[in-house]
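One structure is given below, encoded as structure tokens.
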Amino acid sequence: MAWTVPITFVPETILTAAQLNLHIRNNLNEMAPAKASERGNIFVTTGRNQIRQQTPVFDFYEGTFDANSEKTSSGEYTDLKYVGPSATTFVTHGALISMSVRSNNSSANAFNIVSFEVSKPAEGDELNEEIVHEATDERSLVFEPALGGTDSQDLATGYTTLIGVPEPGTYTFRQKFRVTAGTGMFYRRWLSVIPF
Amino acid sequence: MAWTSPITFAAGEVLTAAQLNTYLRDNLNETAPAKATTPGGIFVTTGANTIAERVPVASQVTTSQQTSSTSFVDLTTVGPAVTTVCGSTALVMLYAGISHNTANFQAEAGYAVSGATTIAASNLKTLQIDGLAANDQLRMSAIFYETTLTPGSNTFTMKYRVASGGTGTFENRQIVVIPL
């Protein structure tokens, strides 16, 4: 079914069942109450005369400030022992991404950097993922603690951005991590995605 | 056309074309599918029984640039800036990497509004650094709820300053606006 521009009714014209089904039944079934299935969702435009229910998602990893498993010395974006946080949802056009992380580093004036990667199931191979957007410094949280070592400053901050996708589909958003020097620790990691 | 509270049908009454046009055609034309035009748009209420499509927008300038101005100004690359149709409110999100060439000096990134509304950049709505070592960078974001907009097409442009001297550096500047 699709939306049809509502007919203009004319006096003394007999309405047929086909007209009522097309202009009333089918159109009512294109509206938000007909498409609403569970609470907490939003409605977005997916094309001319088309709306869709979309599901905001989030993930959180708490960790602790001294958990060695959640540290990295990698200069390239990498996963930590707890991969993520990550969240998967259907996206039509773009998504609002919000991240918040708490972080410290063993070396004074080293950068700790948190970005996110966007992926979707590889075409014809749903067990593997195809990267749509790589993690990048241009979309990242950056910490530069002035102190390092055991007394390293602990900073917490957030980052929000709007990112597009190449086509409607189910996408996974996953945090990635790197440092410019020393060993960075990342905990209390939040990721939320509002799909449009 | 506007929304009309649906009629209560009564047994034995003859429906007229005028009634069907008012209660079916015109009301259907006030619903979201009838108003949906742009993928990625959202729907907001604009008053009693009225809704409108709004389109979230974003823009980014990655180039690192500087200012020594103590009044809010543009950098060599103006912006980033976005234009979108708003009601009287919008969510404005700013993001930037900010540093200052002098320890413990302040540098700020805010935004101004032009178009249907004129609002100058204000230090009440900024990203700000202070207390950092010279040339240390903090990359951060913040969300502001703008409530004094004039409905219509509005342009949101990032602006920059230092509080009391020295030179502030701004990079990876981004603005996101969700019009309501």
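Below, chain A is the first sequence line, B the second, and so on; all start at residue 1.
One hydrophobic cluster, built from ILVMFWY side chains closer than 4.5 Å, cannot hold both B:Y145 and B:V177; they sit in different ones. Under a hydrophobic clustering in which Ile, Leu, Val, Met, Phe, Trp and Tyr are joined whenever their side-chain heavy atoms come within less than 4.5 Å, directly or via other members, A:Y159 and A:V118 fall into the same cluster. Connection of A:W190 to A:L141 is not established within any shared hydrophobic cluster, with ILVMFWY side chains joined at heavy-atom distances below 4.5 Å, either directly or through further cluster members. Under the 4.5 Å side-chain heavy-atom criterion for ILVMFWY residues, a single connected hydrophobic cluster contains both A:V91 and A:I97. Connection of A:I194 to B:V57 is not established within any shared hydrophobic cluster, with ILVMFWY side chains joined at heavy-atom distances below 4.5 Å, either directly or through further cluster members.
Closest approach of A:W3 and B:N29 over heavy atoms only: CZ2-OD1, 4.5 Å. Of all heavy-atom pairs between B:L138 and A:V142, the closest is CD1-O, 4.0 Å. Across B:T37 and A:T45, no two heavy atoms sit closer than the pair N-CG2, 3.7 Å. Among all heavy-atom pairs drawn from A:R139 and B:Y95, the shortest one is C-OH, 4.4 Å.
Proximity to chain B (any heavy atom under 4.5 Å) is shown, for A:S98, by neither the backbone nor the side chain. With a 4.5 angstrom heavy-atom cutoff, A:L15 touches chain B only via side-chain atoms. Heavy atoms of B:I143 lying under 4.5 Å from chain A belong exclusively to its side chain. At a 4.5 Å heavy-atom cutoff, B:V55 makes no contact with chain A through either its backbone or its side chain. Residue A:I163: no heavy atom, backbone or side chain, is found under 4.5 Å from chain B. Only the side chain of B:Q60 comes within contact range of chain A, with heavy atoms under 4.5 Å apart. For A:T13, no part lies under 4.5 angstrom from a heavy atom of chain B. Only the backbone of A:F43 comes within contact range of chain B, with at least one heavy atom under 4.5 Å from a heavy atom of that chain. Residue contact with chain B, scored on non-hydrogen atoms closer than 4.5 Å, is absent for A:I42. With a 4.5 Å cut-off on non-hydrogen atoms, A:E138 touches chain B through its backbone and its side chain both. Contact annotation for A:T160: both backbone and side-chain heavy atoms come within less than 4.5 Å of a heavy atom of chain B.
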| field | Verdict with reasoning, A:L96 to B:M93, per side-chain contact (heavy atoms from CB on, under 4.5 Å) | value | CA-CA 11 Å; A:L96 190 71; B:M93 283 153 269; 4.0 Å; yes
| task | Please test A:F143 against B:R139 for side-chain contact (heavy atoms from CB on, under 4.5 Å), starting from the C-alpha separation and ending with a verdict. | result | CA-CA 7 Å; A:F143 305 79; B:R139 197 176 291 187; over 6 Å; no
| Stepwise side-chain contact (heavy atoms from CB on, under 4.5 Å) test for A:E30 and B:T31 | CA-CA 9 Å; A:E30 290 299 312; B:T31 64; over 6 Å; no
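In terms of heavy-atom pairs under 4.5 angstrom with chain B, the leader among A:A95, A:G164, A:S140 is A:S140. For the set A:P11, A:G158, A:P168, the entry with the most heavy-atom pairs within less than 4.5 Å of chain B is A:G158. With chain A as the partner, the residue from B:A32, B:A58, B:A34 showing the most heavy-atom pairs under 4.5 Å is B:A34. Most heavy-atom pairs under 4.5 Å with chain A, from the set B:A142, B:A18, B:G41: that is B:G41.
Put simply, the side chain of A:T92 never gets that close to the backbone of B:G40: no donor and acceptor are under 3.5 Å apart. No donor-acceptor pair under 3.5 Å is formed between the side chain of B:N21 and the backbone N or O of A:T8.
A side chain to side chain contact (heavy atoms under 4.5 Å, CB included) with A:L162 holds for exactly one of B:I175, B:V176, B:I178; it is B:V176.
In this structure, CG on B:N27 lies 10.5 Å from CG on A:L28, to the nearest 0.5 angstrom. Note: B:R25 CZ to A:I7 CD1 = 10.5 Å, rounded to the nearest 0.5 Å. Here A:I51 contributes atom CD1 and B:E53 contributes atom CD; the two are 10.5 Å apart, rounded to the nearest 0.5 Å. How far NE2 of A:H93 is from OG1 of B:T38: 8.5 Å, rounded to the nearest 0.5 Å. Interatomic distance, A:T4 OG1 to B:L28 CG, rounded to the nearest 0.5 Å: 10.5 Å.
Heavy atoms of other residues, nucleotides or ligands lying less than 6.0 angstrom from CZ of A:F58 number 12 at most.
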